[in-house]
Amino acid sequence: MGSRLRWRIGAGLVALVALAFVVNVALDIASRRRLGVTRVIAVDPLELPTDADSIAWGRHLAKSVLACGHCHGDDLGGGEVIDGPPGKVYAPNITSGAGSVTTSFSTSDWVRVIRHGVKNDGAGALIMPSKDYVNLSERDLACLIAYVGQARAVNRATQGIELSPLGRFLVVIGQLPIEAEAIDHTTPLPASPDRESAVAYGAYLVSVSCEGCHKRDLTGGSMRGLPPGIPNPADITRTALSGWSEADFARAIGTGQRPDGVMLNAFMPYRSFATMTPAEVAAIWAYIQSR
Ligand code: HEC
Ligand code: HEC
């Protein structure tokens with residue numbers, strides 16, 4: 001190799017490394033700017049129930065319907081959400097144990113992060129699906145918070161979030177979502193849904209636990225924040241599921257098994273939905289059929 005050519009390759013490498021450095025710094029600044037936006041949210045006062053039935057109901061919501069454990073771990077002691085090329089995103093320990101981020105939470109702090117996607121330092125929470133949870137009725141939200149505030153203490157250090165340059169790039173272009181950006185923070189606390197009407201109750205359940213992934217119109221498709229290698233959420237409109245019976249549907253969302261025997265990817269939270277009540281599953285089915 002002539003020394004001139006070697007010199008050119010050397011200069012090219014230096015330029016590449018310099019470029020990578022500049023891009024990295026730019027991504028760091030741009031993503032910090034987005035992640036660092038703080039919001040002051042006026043939180044509606046909420047009275048928490050203390051009776052055993054309400055707390056049991058809150059547990060059912062957290063565990064089965066809203067799938068908090070899908071990200072925060074079944075014991076709510078914290079869990080992995082993404083560990084791959086974008087870096088690491090762990091949902092924190094939200095019990096009262098050592099390593100939890102919620103030990104000094106007031107009711108307003110809980111409301112702010114669940115409904116508004118805003119953490120208690122005012123920054124937007126990454127990936128936490130508050131765009132769905134903002135639809136929770138006042139009573140359901142109160143029961144949920146009453147339960148999580150006294151869930152069994154788990155001592156586990158919170159691992160937090162460490163983004164790679166790719167992850168920071170995804171934050172900058174909005175592919176790792178900060179849902180606080182997309183929520184109307186003036187939405188009043190909704191009244192309780194009509195549980196007598198299966199269609200109305202199904203619409204409510206879908207709004208708090210399916211829309212974030214399957215979209216408002218339930219057609220699914222590409223989704224922000226989808227970890228690499230995970231299939232797109234399916235089209236679950238009546239037309240798309242036209243060959244399915246109600247029993248097929250109940251089996252798919254409760255065990256992950258499709259009518260053709262193929263198992264759904266576990267990113268679909270069927271392990272949590274397994275303990276939804278038959279009435280809840282029937283209501284969701286009735287709503288899908290009604291559209
Ligand atoms: C799809 C994953 C996912 C689900 C489901 C989820 N969370 Fe989170 N949650 C996260 C992530 C990730 C964070 C950390 C966000 C950050 O630090 O930017 C978080 C943060 C939190 C925090 C800490 C806020 C703070 O001030 O630091 C609380 C409390 C919380 N979530 C409660 C809940 C509850 C209650 C539910 C169920 C109703 C729930 N989460 C469901 C992913 C999720
Ligand atoms: C965290 C994201 C997420 C949430 C929340 C979610 N799903 Fe899914 N769902 C998926 C993904 C991803 C798939 C595709 C899985 C696959 O192809 O292996 C899927 C597939 C399905 C399927 C299978 C459809 C088919 O044709 O194979 C049904 C039915 C379904 N979801 C219903 C629901 C219902 C009902 C809810 C709310 C109670 C819900 N899902 C909530 C991510 C989600």
Side-chain angles (χ1 to χ4, degrees), residues 57 59-72 74 79-82 84 127-137 140 174-177 179 182 190 192-291:
W57 179 243
R59 178 172 187 274
H60 175 68
L61 291 172
K63 191 173 176 303
S64 312
V65 180
L66 306 172
C68 308
H70 191 54
C71 296
H72 289 275
D74 287 340
E80 175 192 314
V81 180
I82 298 179
I127 300 185
M128 163 92 183
S130 298
K131 218 151 78 71
D132 283 9
Y133 300 154
V134 74
N135 298 318
L136 279 169
S137 73
D140 282 353
Q175 281 298 315
L176 276 181
E179 299 212 336
S192 292
D194 174 7
R195 291 194 161 84
E196 300 303 312
S197 153
V199 172
Y201 191 32
Y204 171 75
L205 290 170
V206 166
S207 78
V208 297
S209 71
C210 317
E211 280 180 10
C213 292
H214 288 280
K215 303 222 168 86
R216 183 107 237 217
D217 64 5
L218 301 184
T219 55
S222 69
M223 176 195 161
R224 300 190 311 153
L226 198 66
I230 305 286
N232 282 341
D235 182 341
I236 58 166
T237 56
R238 176 167 58 115
T239 326
L241 301 183
S242 62
W244 292 40
S245 67
E246 183 171 348
D248 291 336
F249 179 74
R251 189 178 320 106
I253 71 171
T255 71
Q257 193 178 45
R258 288 168 40 98
D260 59 9
V262 173
M263 288 301 287
L264 296 173
N265 186 286
F267 184 69
M268 156 75 190
Y270 58 81
R271 293 207 191 93
S272 306
F273 299 157
T275 42
M276 278 208 271
T277 66
E280 285 164 345
V281 177
I284 294 174
W285 177 252
Y287 170 64
I288 291 175
Q289 293 306 308
S290 77
R291 301 175 76 245

Any side-chain to backbone donor/acceptor pair from S130 onto Y133? Under 3.5 Å, distance only.
no

Can you find a pair of side-chain heavy atoms, one from V65 and one from D140, that are under 4.5 Å apart?
no

From CG (L218) to CZ (R238), nearest 0.5 Å:
12.0 Å

At their closest point, which heavy atom of Y270 faces which heavy atom of A252, and how far apart are they?
CB-O, 4.0 Å

May I ask you to test the V199-Q289 pair for a side-chain heavy-atom distance under 4.5 Å?
no

Looking at every heavy atom in both L241 and D235, which two are closest together, and how far apart are they?
CD2-O, 4.2 Å

If you define the side chain from C-beta out and look only at heavy atoms, does anything of V206 sit under 4.5 Å from H214?
no

Would you indicate whether the side-chain heavy atoms of M128 and H72 approach each other to under 4.5 Å?
yes

A quick test of your reading: do over 12 heavy atoms of other residues, nucleotides or ligands sit less than 6.0 Å from CZ of R216?
no

Interatomic distance, CH2@W285 vs CG@D248, rounded to 0.5 Å, equals 7.5 Å

Nearest 0.5 Å, please: how far is OG in S272 from CD1 in I253?
11.5 Å

When you measure from the side chain of R251 to the backbone N and O of Q257, does any donor-acceptor pair fall under 3.5 Å?
no

Minimum-distance pair of heavy atoms, taken over all atoms of A67 and F273
CB-CE2, 4.5 Å

Between the CG atom in L136 and the OG atom in S207, the distance rounded to the nearest 0.5 Å is 8.0 Å

Would you say the side-chain atoms of R224 pair up with the backbone N or O of G174, donor to acceptor, closer than 3.5 Å?
yes

Under a 4.0 Å N-O cut-off, is there an ion pair linking R258 with D260?
yes

How many angstroms lie between CD1 in I284 and SG in C210, if you round to the nearest 0.5 Å?
5.0 Å

Less than 4.5 Å apart, any side-chain heavy atom of L176 and any of I82?
yes

Looking at every non-hydrogen atom in both residues, tell me the closest pair between M223 and C213 and how far apart they are.
CE-SG, 3.6 Å

Within 6.0 angstrom of N265 CG, more than 12 heavy atoms from elsewhere:
yes

For a 4.5 angstrom cut-off between non-hydrogen side-chain atoms, does F249 reach I288?
yes

Got Y201 and E280 here, is their nearest side-chain heavy-atom distance under 4.5 Å?
yes

What is the minimum heavy-atom distance between D132 and E179, and which atoms define it?
N-OE1, 4.4 Å

Is any side-chain heavy atom of D217 less than 4.5 Å from a side-chain heavy atom of R291?
yes

When you measure from the side chain of K215 to the backbone N and O of S222, does any donor-acceptor pair fall under 3.5 Å?
yes

Between atom SG of C68 and atom NZ of K63, what is the distance when rounded to the nearest 0.5 Å?
11.5 Å

M276 to V281 - nearest heavy-atom pair and separation
CB-CG2, 4.1 Å

With a 3.5 Å distance limit and no angle check, can you tell me whether Y204 reaches the backbone of S137 through a side-chain donor-acceptor pair?
yes

